[in-house]
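Only one structure is covered here, and it is reproduced in the block below.
Letters A, B, ... are given to chains in the order of the sequence lines, protein chains preceding strands, and every chain is numbered from 1. Computed from heavy atoms alone, side chains included, the values below leave out hydrogens, waters and symmetry copies. As the structure is a computational prediction, the values presented were derived from the model and not from experiment.
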Amino acid sequence: MHIDMDAFFAAVEQLDRPDLAGKPVIVGADPKSGRGVVSAANYEARKYGVHSALPITQAFARCPHGVFLRPRYSRYKEISDKVFEIFHSISSLVEPLSIDEAFIDLTGTGRLHGDPVELGRKTKRRILETTGLVASVGIAPNKFLAKIASDFGKPDGFVVVPEDGVQDFLDPLDIGRLWGVGPKTGKMLIDHGIRTVGDLSRMTVESAKKLLGDHGEGLWKLAHGIDSRPVSPGSGRKGISKETTFRVDVTDNNRKISTLRRLSDGLAARMRAKKTFGRTITVKIRYSGFITITRSDTLDMPIATSDDIFREAQRLARPELEGSIRLLGIRISNLTGEEGEQLPLFGREERNKTKNFERALDDIQKRFGKDAISRANSLEKDDIEDD
DNA sequence: TCTGGGGTCCTAGGACCC
DNA sequence: TCTGGGGTCCTAGGACCC
């Protein structure tokens, strides 16, 4: 079974503000900022051609009377936690796909919960009763089909694909609905006359491989409804990243550096919250022409403090910072350990000192808000602020 | 009114080890 | 004085997903 909340961010906003009922609600960047995209649009807004990932300025052009809201992730997480509690109460095999979406393996839940279809209906009802929000449900013999099914029924969907109805269900679907067929692959396939899942399923595996390389066999199998991947609760987070797109491209070097500082502060705060360290640091630079590069290094010792992250990020970014820059980002991966990770012996005291300083900073920001305190060298307000 | 921010996974090629 | 082959780790880029 696959469950997915409908227009999740927008639905939460409407839940919290009953005055928005019936209005087009668009959650995303500030339409006046000039940069950014739509994170979520409710179905009223979609009537005007507004959808996720649409540039916010275009969303405003299409739906100027819409209600434009900034995302409130912590609120969405609260609701998400409640929904996942329900998921875990029906099966121990829950695989989260995102904040509002999961696969749930119903194999063997029959004795406890009865027929899968009945269980699906009950789950949908419980989500509505507990959160006040509507979810779409897909029930099918495997993950791929279940996901397609829940998408297919949206909004307020409940779609069951029986074993013997798989090919009839798949054949008419656009090729882009296949998992792993994005804009690039989709265009290539359409250029070859393959528009629907049925078109791909009628090819031989060999020609699919010739066209799609190593992906070929997998996609061909999906087109036949074959998917043997298990529902797996996930192997934990692989990395943490923070990036920012400037409202206007930046040439001033001091601003580039102070932005790296601010990103480091933000990353370090999240690393502390998650009690994690990372050995690999990657900086991402996107220039004005949208050309994007990354530079990374894997260190001997895991790091977590803002000072360490900033120093390494600066070292990697420095040689590439020439010219006009649109985006800067930092990512930490190769994550190791919970608290208690062995810290380098040399400079341990210094590290503790900065850690204490940063903890205090967290504290103050928690109590008085983000704007209460900031490093003097990261007081830059004219790039796009997120969270 | 071009193209956010958070992620994952894959590939190719090089370094290095046995 | 002809360079094997498997394995692992690493970097850079790219496709994709929500």
Side-chain angles (χ1 to χ4, degrees), chain A residues 2 4-10 26-41 51-64 70-71 73 76-77 80 95-103 144 147 150-151 154 176-189 212-215 218-219 229 232 234-249 263 266-267 270 274 279-300 316 320 326-335 383-387:
Chain A
H2 178 262
D4 190 1
M5 306 297 288
D6 294 335
F8 184 53
F9 296 177
I26 296 153
V27 179
D30 179 357
K32 277 170 291 200
S33 79
R35 276 184 177 172
V37 298
V38 173
S39 293
H51 54 82
S52 303
L54 185 75
I56 200 75
T57 46
Q58 281 185 43
F60 188 72
R62 292 179 190 188
C63 190
R70 243 42 69 232
Y73 294 103
Y76 309 149
K77 184 69 170 63
S80 165
E95 178 179 340
L97 273 188
S98 72
I99 190 167
D100 70 327
E101 198 183 339
F103 291 112
F144 161 69
K147 170 137 175 77
S150 75
D151 282 353
K154 276 183 167 303
R177 308 274 301 236
L178 286 190
W179 248 77
V181 177
K184 307 270 172 180
T185 312
K187 187 185 177 309
M188 188 272 286
L189 285 170
L212 293 155
D214 290 338
H215 296 309
L219 287 174
R229 293 169 301 175
S232 75
S235 45
R237 165 190 301 278
K238 302 283 193 301
I240 301 179
S241 66
K242 196 149 178 59
E243 63 183 58
T244 187
T245 296
F246 297 108
R247 200 168 290 221
V248 175
D249 295 348
L263 292 170
L267 261 188
R270 283 167 57 190
K274 300 195 182 329
R279 274 179 62 222
T280 303
I281 178 163
T282 307
V283 298
K284 176 169 158 185
I285 303 171
R286 174 168 291 153
Y287 300 98
S288 288
F290 219 72
I291 300 288
T292 308
I293 65 159
T294 60
R295 291 293 176 265
S296 74
D297 193 11
T298 298
L299 312 167
D300 293 335
L316 289 166
E320 316 290 347
R326 178 188 180 95
L327 169 151
L328 285 173
I330 307 176
R331 173 178 167 81
I332 310 279
S333 53
N334 232 317
L335 301 183
D383 48 346
I384 296 172
E385 292 292 342
D386 40 38
D387 56 357

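Residue A:Ser296 has its side chain nearest to C:dT11 when only C:dT11, B:dT3, C:dC18 are considered. Distance from the side chain of A:Thr294 is smallest to C:dA12 among C:dC18, B:dG4, C:dA12. With B:dG6, C:dC10, B:dG5 as the candidates, the nucleotide lying closest to the side chain of A:Leu327 is B:dG5. Side-chain atoms of A:Asp297 lie closest to C:dT11 of the nucleotides B:dG5, C:dG13, C:dT11.
Residue A:Ser52 has no polar side-chain atom (N or O) positioned under 4.0 Å from OP1 or OP2 of C:dC18. Side-chain nitrogen and oxygen atoms of A:Arg286 include at least one within less than 4.0 Å of the OP1 or OP2 phosphate oxygen of B:dG4. Contact check, A:Thr185 against C:dA15: no side-chain N or O comes under 4.0 Å of OP1 or OP2. Dashed line: the shortest gap from a side-chain N or O of A:Lys242 to OP1 or OP2 of B:dG6 is under 4.0 Å. Between A:Lys147 and C:dC18 there is a side-chain polar atom (N or O) within less than 4.0 angstrom of OP1 or OP2. An OP1 or OP2 oxygen of B:dT3 is reached within less than 4.0 angstrom by a side-chain nitrogen or oxygen of A:Arg326. OP1 or OP2 of B:dG7 has at least one side-chain nitrogen or oxygen of A:Ser241 nearer than 4.0 Å. The phosphate of C:dT11 (OP1 or OP2) has a side-chain N or O of A:Thr298 nearer than 4.0 angstrom. Of the side-chain N and O atoms in A:Arg295, none sit less than 4.0 angstrom from OP1 or OP2 of C:dT11. Of the side-chain N and O atoms in A:Arg331, one or more sit less than 4.0 angstrom from OP1 or OP2 of B:dT8.
Heavy atoms of A:Ile293 sit under 4.0 angstrom from primed sugar atoms or phosphate atoms, though from no base atom. Residue contacts shown for A:Gly28 are absent, as no nucleic acid heavy atom lies under 4.0 Å away. Heavy atoms of A:Ile240 sit under 4.0 angstrom from primed sugar atoms or phosphate atoms, though from no base atom. Heavy atoms of A:Ala53 sit under 4.0 angstrom from at least one base atom. Heavy atoms of A:Val38 sit nowhere under 4.0 angstrom from any nucleic acid atom. At the heavy-atom level, A:Gly34 lies under 4.0 Å from the strands shown only through sugar-phosphate atoms. Contact annotation for A:Leu178: backbone-only contact, meaning every heavy-atom pair under 4.0 Å involves sugar-phosphate atoms and none involves a base.
Distance, A:Lys284 NZ to C:dA15 C1': 13 Å, rounded to whole Å. With rounding to whole Å, A:Trp179 atom CH2 is found 11 Å from B:dG7 atom C1'. Between the C1' atom of C:dC10 and the CG atom of A:Asp300 lies a distance of 13 Å, rounded to the nearest Å. One can place CZ of A:Arg177 at 15 Å from C1' of C:dC17, the figure rounded to the nearest angstrom. Between A:Phe8 atom CZ and B:dG6 atom P the separation is 18 Å, expressed in whole Å. Distance A:His2 NE2 to C:dC18 C1': 10 Å, rounded to the nearest Å. Atom pair A:Glu95:CD and B:dT8:P shows a separation of 13 Å (rounding to whole Å applied). The distance from atom CG of A:Leu212 to atom P of C:dC16 is 10 Å, rounded to the nearest whole Å.
Comparing A:Arg237 and A:Ser288 along DNA chain B, the residue whose closest nucleotide (by nearest heavy atom) sits nearer the 5' end is A:Ser288. Nucleotides of DNA chain C nearest to A:Arg279 and A:Thr292 differ in position, and the one nearer the 5' end is that of A:Arg279. Each of A:Val37 and A:Gln58 lies near DNA chain B, and the nucleotide nearest A:Gln58 is the one positioned closer to the 5' end.
Across the strands present, C:dC18 finds its partner in B:dG5; the criterion is a Watson-Crick or G-U wobble pair with both atom distances under 3.5 angstrom.
One side chain, A:Asp249 or A:Ser288, offers a donor N or O that lies under 3.5 Å from an acceptor on the other.
By the 6.0 Å contact criterion, NE2 on A:His51 is enclosed, its count of non-hydrogen atoms from other residues, nucleotides or ligands being greater than 12.
Ring geometry for A:Tyr76 against A:Phe9 counts as parallel: the plane angle stays under 30°, on a 0 to 90° scale with 60° as the upper cut.
If you take atom C1' in C:dC16 and the same atom in B:dT3, they sit 15 Å apart, rounded to whole Å. A gap of 16 Å separates the P atoms of C:dG4 and B:dG14, to the nearest Å.
When side chains are defined from C-beta on, A:Leu335 does not count as touching A:Lys274, because their heavy atoms never get closer than 4.5 Å.
Shown are A:Leu316, A:Leu267, A:Thr282; of these, the side chain to side chain contact (heavy atoms under 4.5 Å, CB included) with A:Ile330 is made only by A:Leu267. Among the candidates A:Lys284, A:Arg295, A:Arg286, the single residue satisfying the salt bridge (charged side-chain N to carboxylate O under 4.0 Å, His left out) test with A:Glu320 is A:Arg295.
Between the OG1 atom of A:Thr185 and the NZ atom of A:Lys187 there is a distance of 12.0 Å, given to the nearest 0.5 Å.
Closest approach of A:Arg70 to A:Ala29, counting heavy atoms only: NH1-O, 3.2 Å.
Both geometric conditions, a ring-centre gap below 5.5 Å and a plane tilt below 30°, are not fulfilled together for A:Phe60 over the base of B:dT1.
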